[in-house]
Amino acid sequence: MALRKTHIPDMTIPFDHSYVRDLPGCYLPQAPDVAPAPRLLVLNRDLAGDLGLDPAALEANAARWFSGAELPPGAQPIALAYAGHQFGGFSAQLGDGRAHLLGEILTAKGRFDLQLKGSGRTAFARGGDGKAAVGPMLREYLVSEAMAALGVPTTRSLAVVATGETIWRETGRLPGAVLARVAASHIRVGTFQFFHARGDLARLRALMDYTIARHFPDLAPGDALGLFDAVTARQVALVAEWMGLGFVHGVMNTDNMALSGETIDYGPCAFMEAYAPDTVFSSIDRQGRYAYANQPLILGWNLARLAEALLPFLDQDADRAIDLANARLEAIAPAYRSAFLRVMARKLALPAPDAALSDGFLQAIAGADWTLAFRRLADAAEGRTAGLLALVPDPALLTAWLARWQAALGADARQRLRAANPAVIPRNHLVEAALKAAEAGDMAPFTALLAAVRDPFGAEAGREGFTLPAPTGFGPYVTYCGT
Ligand code: AMP
Ligand code: MG
C-alpha cells in the first residue's frame with residue numbers, strides 16, 4: 001500500500017527585521033515554546049491576503065507556525081523590552097513576558113509586526129507562565145476584528161491556534177492557545193519609559209527616531225515635539241472613537257498604549273450596554289480608574305508620561321522643556337472635547353459639531369442601551385420615534401430633544417445615521433457564549449458572531465439575535481485579567 005503524500009504548499013513569509021537591525025538593546029532574542037498538539041482554530045484569510053500571503057498556503061502551515069511548534073522560515077523571534085504604569089504604579093521592567101515578535105512584513109499599506117502571544121515564557125515573564133488560554137485569545141481575535149470593521153484603528157488578528165496544553169488560571173484548568181497578532185508596531189508609551197527610567201538617552205533617542213521614521217515619516221529625526229503632537233493627535237482621535245462606540249478598554253496602562261495610534265491589548269475590554277458613565281467591567285479595576293468616562297482623562301495622564309520620557313529631547317534647557325510639555329498637556333482636554341464632538345456630529349448626522357445637541361442626547365439616553373439608542377436615530381430621523389423612545393426612562397426629555405435635533409438635521413440623514421451607528425457590536429452575552437462553546441470544542445457560535453461583527457453597519461433583518469442587549473438575568477458583566 002502506497003503512503004499518501006501529504007502536500008503542504010510551499011510558501012515563505014518575506015520577513016524583515018528592523019527592530020533587530022535598528023534597536024539593539026530594545027529586545028532579547030527568545031524562542032517560543034513548542035506546542036505539543038497544535039490545532040488551528042481560526043485563520044483570518046482576508047488579513048492574510050492584505051499581508052500579501054496566500055491564504056490557502058498559510059492555512060496549511062498556520063497550526064505549526066503560529067503555535068511555536070515550528071518557526072516560519074526567516075523568523076527571528078524577539079521579546080521587546082518595555083516599562084509601564086499599571087493602575088498608576090510604575091514598573092521599570094515589564095516587557096513581552098509571553099509574546100514573541102517573529103518579524104515584520106512589508107505591504108502596500110506599510111510595515112506590520114507579526115507577533116505570537118501566549119507562546120511561552122520569556123526573560124520578561126516574571127511570575128507568569130508565558131501562556132494564554134483559548135477563550136481570551138479568541139476574545140482578542142473577535143473584538144479586534146470587530147473594531148477593524150467599525151473603522152477604529154486597531155491591531156489585527158491573523159490566527160488563533162490551540163496548543164493542546166492545559167494551563168491554570170484562577171477559574172481552573174483551561175485549554176491553551178496562541179494568538180498571531182498583526183500590528184503597525186508594538187512600540188508603547190512604556191517602551192519610551194523603559195529607557196527614560198534607566199537614563200539611557202542614546203537608546204531613547206534611537207527609539208524616538210525609529211518611531212518617527214516608521215510612523216511619522218514627515219517629521220525630521222530628533223523632532224520630539226513633533227512626535228508628541230502627532231501621537232497625541234492619533235490617540236485623541238482613537239479614544240474619541242472608543243467613546244462613540246461605548247468601548248471600555250479596561251486596562252489603559254501605559255504599556256498598553258501604542259504610539260501608532262492603534263487599539264492594542266484586548267484583555268478585560270467590553271462594550272457598554274446601558275449607558276452609565278461609570279461603567280467598569282474588569283474585576284481588578286476596583287477604583288474605576290479605567291471606567292468608560294475616565295478614558296479621556298487617562299489618555300491625558302498617559303500622554304503626560306510620554307511627555308516626561310521625551311523631556312530630554314524637547315529642549316536643551318530643562319525648564320523650557322517642562323514649559324513646552326505643560327503647554328501641550330493643557331491642550332489635550334480641549335482637543336479631546338473637539339474630537340468627541342466631531343464623532344458625535346457624525347453619529348447624530350449633524351452638519352457641524354454641536355455641544356448642546358450632543359450633551360442633550362447623552363443626558364436623554366442615560367440608562368438606555370448605547371448602541372441601540374444611536375442606531376434607532378435612523379428611524380427617528382424620519383419621524384418613527386417609538387423604537388427609540390421605548391428605550392429611555394424619560395421619554396418626555398428625549399421627545400423635546402428630538403424636536404431640536406430634527407430641525408438641525410442635514411440631508412440624507414437616515415443613510416448617514418445607519419453608516420455611522422452600528423447595529424452589531426460584540427455583545428457581552430454573545431461573546432461569553434461563543435467563547436464558552438469554543439472552549440468546549442464547538443466553534444460554530446464563534447464563527448457566526450464573527451461574521452455578524454464583521455458587518456456592523458448592515459441591516460438588522462435576520463440578525464436580531466446579534467443586535468439586542470443581553471437578556472435580563474445576564475450580568476452584571478465582569479471581565480478578568482487572568483488572560
Ligand atoms: P497585560 O496586562 O496583558 O497588558 O500584561 C502586562 C504585562 O504582564 C506584560 O509585560 C505581559 O507580557 C505580562 N504578562 C501577562 N500575562 C502573562 C503570562 N501569563 N506570562 C508571562 N507574562 C505575562
Ligand atoms: Mg499589555
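In what follows, residues are counted from 1 in the order of the sequence shown. Atoms within each ligand, like the ligands themselves, are counted from 1 in listed order.
Annotation: the span from M272 atom CE to I425 atom CD1 amounts to 9.0 Å, rounded to 0.5 Å.
Salt bridge D129/R121: absent, no basic N to carboxylate O contact under 4.0 Å.
Taking backbone and side chain together, D265 holds an N, O or S atom under 2.8 Å from the Mg ion (ligand 2). Among the backbone and side-chain atoms of N253, no N/O/S atom is found under 2.8 Å from the Mg ion (ligand 2).
Proximity of R169 to ligand 1, defined as any heavy-atom pair under 4.0 Å, is confined to the side chain (atoms from C-beta onward). The residue F124 has no part lying near ligand 1, judged by heavy-atom distances below 4.0 Å. In D129, the parts holding a heavy atom less than 4.0 Å from any atom of ligand 1 are both the side chain and the backbone. Residue contacts with ligand 1 for R126 involve side-chain atoms from C-beta outward but no N, CA, C or O (heavy atoms, distance under 4.0 Å).
Classification of the Y292-Y275 ring pair by plane angle, with boundaries at 30° and 60°, yields perpendicular. Ring planes of W242 and H249: parallel class, angle under 30° (limits at 30 and 60°).
A donor-acceptor pair is defined here as one N or O able to donate and one able to accept, closer than 3.5 Å; such a pair exists between the side chain of H196 and the backbone of E308. Of the possible donor and acceptor atoms, one in the side chain of Y82 sits under 3.5 Å from a partner among the backbone N and O of G95.
When all heavy atoms of A184 and E262 are compared, the pair lying nearest together is N-OE1, 3.0 Å.
Of all atoms in ligand 1, numbered sequentially from 1 with element shown, those under 4.0 Å from a heavy atom of D265 are 4 (O). With ligand atoms numbered from 1 in the order given, ligand 1 contributes 10 (O) to contacts under 4.0 Å with heavy atoms of L94. Applying the 4.0 Å criterion to heavy atoms of K131 picks out, from ligand 1, the atoms 19 (N). Contact atoms of ligand 1 toward G95: 9 (C), 10 (O), 11 (C), 12 (O) (distance under 4.0 Å to a heavy atom of the residue). Heavy-atom contacts of Q86 reach the following atoms of ligand 1: 6 (C) (cutoff under 4.0 Å).
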| task | Would you please test D265 and R188 for salt bridge (Lys or Arg N to Asp or Glu O under 4.0 Å) and show each step? | result | CA-CA 11 Å; D265 272 1; R188 307 145 188 271; 3.4 Å; yes

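Not a single heavy atom of G267 lies less than 4.0 angstrom from ligand 1.
Residue-to-ligand polar distances place G130 within reach of ligand 1: an N/O pair is separated by less than 3.5 Å. Any N or O atom pair closer than 3.5 Å counts here, and V251 shares no such pair with ligand 1. An N or O contact shorter than 3.5 Å links N256 to ligand 1 by distance. Annotation: D96 places no N or O atom under 3.5 Å from an N or O atom of ligand 1; distance criterion only.
Annotation: R173, atom CZ; neighbour count of heavy atoms from other residues, nucleotides and ligands within 6.0 Å does not exceed 12.
Here F247 and F271 bring their ring centres to under 6.0 angstrom of each other.
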